[in-house]
Protein chains: 2
Amino acid sequence: MSDQEYEEAGQGPEMEIVHLLRAVVVDLGRHSARFAQRNGMHPTDVRALIVLMDAARAGKDTSAGQLGAALGLNSAGTTALVDRLERAGHVRRVRSERDRRKVTIEVDERAIALGLQHFGPLIDRAVGLLREYDERELAAIKGFLTGMQEAATQEGERADGH
Amino acid sequence: MSDQEYEEAGQGPEMEIVHLLRAVVVDLGRHSARFAQRNGMHPTDVRALIVLMDAARAGKDTSAGQLGAALGLNSAGTTALVDRLERAGHVRRVRSERDRRKVTIEVDERAIALGLQHFGPLIDRAVGLLREYDERELAAIKGFLTGMQEAATQEGERADGH
DNA sequence: TCTATTATCTCGGCCAGCAAGATACTTGTT
DNA sequence: AACAAGTATCTTGCTGGCCGAGATAATAGA
């Protein structure tokens, strides 16, 4: 981004959308934070449940180590996280049969229901919004989001020296 | 969201975009977290700088209290936050002339340069992506993001009992 | 002036996460 | 089988962000 482009930030139609996306990220973050606080959880706990439920939807088990890696926690932090979630009844620890060092984390059905109760209305609104668009418009939205996702992950790899 | 809709989650074209948006939020969050860690900062510190720079772009001063309120911190946490940022040289405390109780927080030019260095490439990619779309497609992207922002904030108010 | 209000800071404590090491299990080698 | 090395998780002790309560200082109204 050149200095000149920065001077114009917030003015062009493209920059307006960039700022809008950032605002959406912030506001959705706040939405998650409210869910966390309302249920006596921390942001990390919510992120953990999302990771676990994503894996479950894909039909995969998640071990404690995988969960910690996905969240960027070390082993001690991961143990503390799972302790909190288990104490709150949101997940269960299950020793793996094959490799008895492993602990797979299972999400409790009530935690899923709790999440649906909070995020359901927001998802409904999103689906309702998207139903108003035709195929070309949906492709544009999808293309932009996909591009931003790639950019966000690639920028990270680039700057990390991978 | 009905149970039936949940069963179908991830399958319809609308739900695909919903999951995509969530993934974008997560990945952009990670991108910010990298910036934070690379500069010895915490996520809150980055959020604070964004709040301060947004206000500055709008031509407004930000007091310590306003900053804390925007981040959901109490006064003790806000003081500690500004202490950290000031110690790192990212901001300056300036006593207001009119109301000498107030402390306005000014962002140092080097912090702005640091932010541009990190987020600039990502913004460039976003602008580049958006330049490929025509007006109707841009309107669709903008409309969807605006709708999601409204939904995220309104859901919060609703459930908070406002 | 006296009181109430507002803005920030100070103090003490809680708790999430880290670093280092312990424990338990698995795998590869002999 | 026995031993060493590797792997997954847990334990311990500590750091530091944030909170609650209260102190300090400045402004505003009667």
Side-chain angles (χ1 to χ4, degrees), chain A residues 29-30 32-52 55 60-88 90-106, chain B residues 29-30 32-52 55 60-88 90-106:
Chain A
R30 268 203 271 270
S32 280
R34 269 193 300 272
F35 173 67
Q37 194 156 17
R38 197 165 293 151
N39 295 91
M41 299 166 72
H42 298 265
T44 303
D45 302 15
V46 177
R47 286 170 54 210
L49 288 178
I50 289 173
V51 167
L52 292 170
K60 293 175 188 169
D61 286 348
T62 306
S63 70
Q66 289 170 334
L67 177 61
L71 299 174
L73 297 183
N74 72 1
S75 61
T78 303
T79 297
L81 165 69
V82 177
D83 281 350
R84 283 198 305 276
L85 291 174
E86 192 170 44
R87 209 178 309 128
H90 297 314
V91 305
R92 294 181 295 274
R93 263 184 248 243
V94 181
R95 281 277 167 193
S96 171
E97 287 299 317
R98 286 178 276 177
D99 188 338
R100 292 177 51 75
R101 293 168 304 177
K102 282 190 182 175
V103 170
T104 56
I105 316 294
E106 292 180 359
Chain B
R30 268 205 270 271
S32 279
R34 269 193 300 271
F35 173 67
Q37 194 157 18
R38 197 165 294 152
N39 295 92
M41 299 167 73
H42 298 264
T44 302
D45 302 13
V46 178
R47 286 171 54 211
L49 288 178
I50 290 173
V51 167
L52 291 170
K60 292 175 188 169
D61 287 349
T62 306
S63 70
Q66 289 170 334
L67 177 61
L71 299 174
L73 297 182
N74 73 1
S75 59
T78 303
T79 297
L81 165 69
V82 178
D83 282 350
R84 284 199 304 277
L85 291 174
E86 193 170 43
R87 209 179 309 129
H90 297 314
V91 305
R92 293 180 297 274
R93 264 184 247 244
V94 181
R95 280 279 168 191
S96 171
E97 287 300 318
R98 287 177 275 177
D99 188 338
R100 292 178 51 73
R101 292 168 305 179
K102 283 189 180 174
V103 170
T104 55
I105 316 295
E106 291 179 0

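Convention: sequence-line order gives letters A, B, ...; per-chain numbering from 1.
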S.K.: Determine whether B:Leu67 and B:Leu73 satisfy the following criterion, side chain to side chain contact (heavy atoms under 4.5 Å, CB included), listing intermediate values before the conclusion.
M.R.: CA-CA 8 Å; B:Leu67 177 61; B:Leu73 297 182; over 6 Å; no

S.K.: Could you check whether A:Gly72 gets within reach of a base, just the sugar-phosphate, or nothing at all, counting any heavy atom under 4.0 Å?
M.R.: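 Sugar-phosphate contact only.
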
S.K.: Could you list the residues that satisfy side-chain contact (heavy atoms from CB on, under 4.5 Å) with B:Ile50, not counting sequence neighbours?
M.R.: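 Checked B:Ile50 against side-chain contact (heavy atoms from CB on, under 4.5 Å); matches are A:Arg22, B:Val46, B:Asp54.
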
S.K.: How would you list, by chain and number, every residue that makes a salt bridge (Lys or Arg N to Asp or Glu O under 4.0 Å) with A:Asp99, sequence neighbours excluded?
M.R.: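 Applying salt bridge (Lys or Arg N to Asp or Glu O under 4.0 Å) to A:Asp99 gives A:Arg101.
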
S.K.: Between the protein and nucleotides 12-16 of chain D, which nitrogen or oxygen pairs come in under 3.5 angstrom?
M.R.:
none

S.K.: Can you build the contact string for nucleotides 22-30 of chain D? Use B for base contact, S for sugar-phosphate-only contact, and - for no protein heavy atom under 4.0 Å.
M.R.: ----BS---

S.K.: List for me each residue that meets side-chain contact (heavy atoms from CB on, under 4.5 Å) alongside B:Asn39, sequence neighbours excluded, and say none if there are none.
M.R.: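 Residues passing side-chain contact (heavy atoms from CB on, under 4.5 Å) with B:Asn39: B:Phe35, B:Met41, B:Leu114.
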
S.K.: Tell me the closest heavy-atom pair linking A:Ala36 and A:Pro43, and the distance in Å.
M.R.: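 In this case the closest contact between A:Ala36 and A:Pro43 is CB-N, 4.2 Å.
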
S.K.: Kindly say if A:Thr78 contacts the phosphate of D:dC10, meaning a side-chain N or O under 4.0 Å from OP1 or OP2.
M.R.: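 False: A:Thr78 side-chain N/O out of range (4.0 Å or more) of D:dC10 OP1/OP2.
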
S.K.: Once side-chain contact (heavy atoms from CB on, under 4.5 Å) is applied, do any residues pair with A:Ser63, and if so which ones, sequence neighbours excluded?
M.R.: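 Per chain and number, A:Ser63 pairs via side-chain contact (heavy atoms from CB on, under 4.5 Å) with A:Gln66.
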
S.K.: Minimum heavy-atom separation for A:Glu97 and A:Arg100, please, with both atom names.
M.R.: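 Heavy atoms of A:Glu97 and A:Arg100 come nearest at O-CG, 3.7 Å.
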
S.K.: Which is the 5'-most and which the 3'-most nucleotide of DNA chain C that has an atom under 4.0 Å from a heavy atom of chain A?
M.R.: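 In short, chain A contacts DNA chain C from C:dA16 to C:dT26.
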
S.K.: Taking for each residue the nucleotide of DNA chain C bearing the nearest heavy atom, is the 5' side occupied by B:Gly65 or by A:Ala80?
M.R.: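 Of the two residues, B:Gly65 wins.
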
S.K.: Sequence neighbours excluded, which residues qualify as side chain to side chain donor-acceptor pair (under 3.5 Å) partners of B:Arg92?
M.R.: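 B:Arg92 satisfies side chain to side chain donor-acceptor pair (under 3.5 Å) with B:Glu106, B:Asp108 only.
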
S.K.: For DNA chain C, determine which residues of residues 43-52 of chain A have any heavy atom closer than 4.0 angstrom to one of its atoms, and list them numerically.
M.R.: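 Of all residues in residues 43-52 of chain A, the ones placing a heavy atom under 4.0 Å from DNA chain C are A:Thr44.
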
S.K.: Quick one: list whatever passes side-chain contact (heavy atoms from CB on, under 4.5 Å) with A:Ala64, sequence neighbours left out.
M.R.: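 Only A:Thr78, A:Ile105 meet the side-chain contact (heavy atoms from CB on, under 4.5 Å) criterion with A:Ala64.
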
S.K.: Would you list the atom pairs, donor with acceptor, under 3.5 Å between side chains in residues 79-88 of chain A and any protein atom, with sequence neighbours excluded?
M.R.:
residue	atom	partner	partner atom	Å
A:Thr79	OG1	A:Ser75	O	3.1
A:Asp83	OD1	A:Arg93	NH2	2.1
A:Arg84	NE	A:Asp45	OD1	3.3
A:Arg84	NE	A:Asp45	OD2	3.2
A:Arg84	NH2	A:Asp45	OD1	2.8
A:Glu86	OE1	A:Arg93	NE	3.0
A:Glu86	OE2	A:Arg93	N	3.1

S.K.: Just jot down the side chain to side chain donor-acceptor pair (under 3.5 Å) partners of B:Gln37, sequence neighbours excluded, or say none.
M.R.: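 Here no residue qualifies.
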
S.K.: Measure the distance from CG on A:Asp61 to P on D:dA8 and round it to the nearest whole Å.
M.R.: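 Atom-to-atom, A:Asp61 to D:dA8, this comes out as 15 Å.
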
S.K.: What integer distance in Å separates A:Lys102:NZ from D:dG6:P?
M.R.: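 Going from A:Lys102 (NZ) to D:dG6 (P), I get 18 Å.
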
S.K.: Please round to the nearest 0.5 Å and tell me the distance separating atom CG of B:Leu52 and atom CG of B:Asp61.
M.R.: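 Reported value, rounded in 0.5 Å steps: 10.5 Å.
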
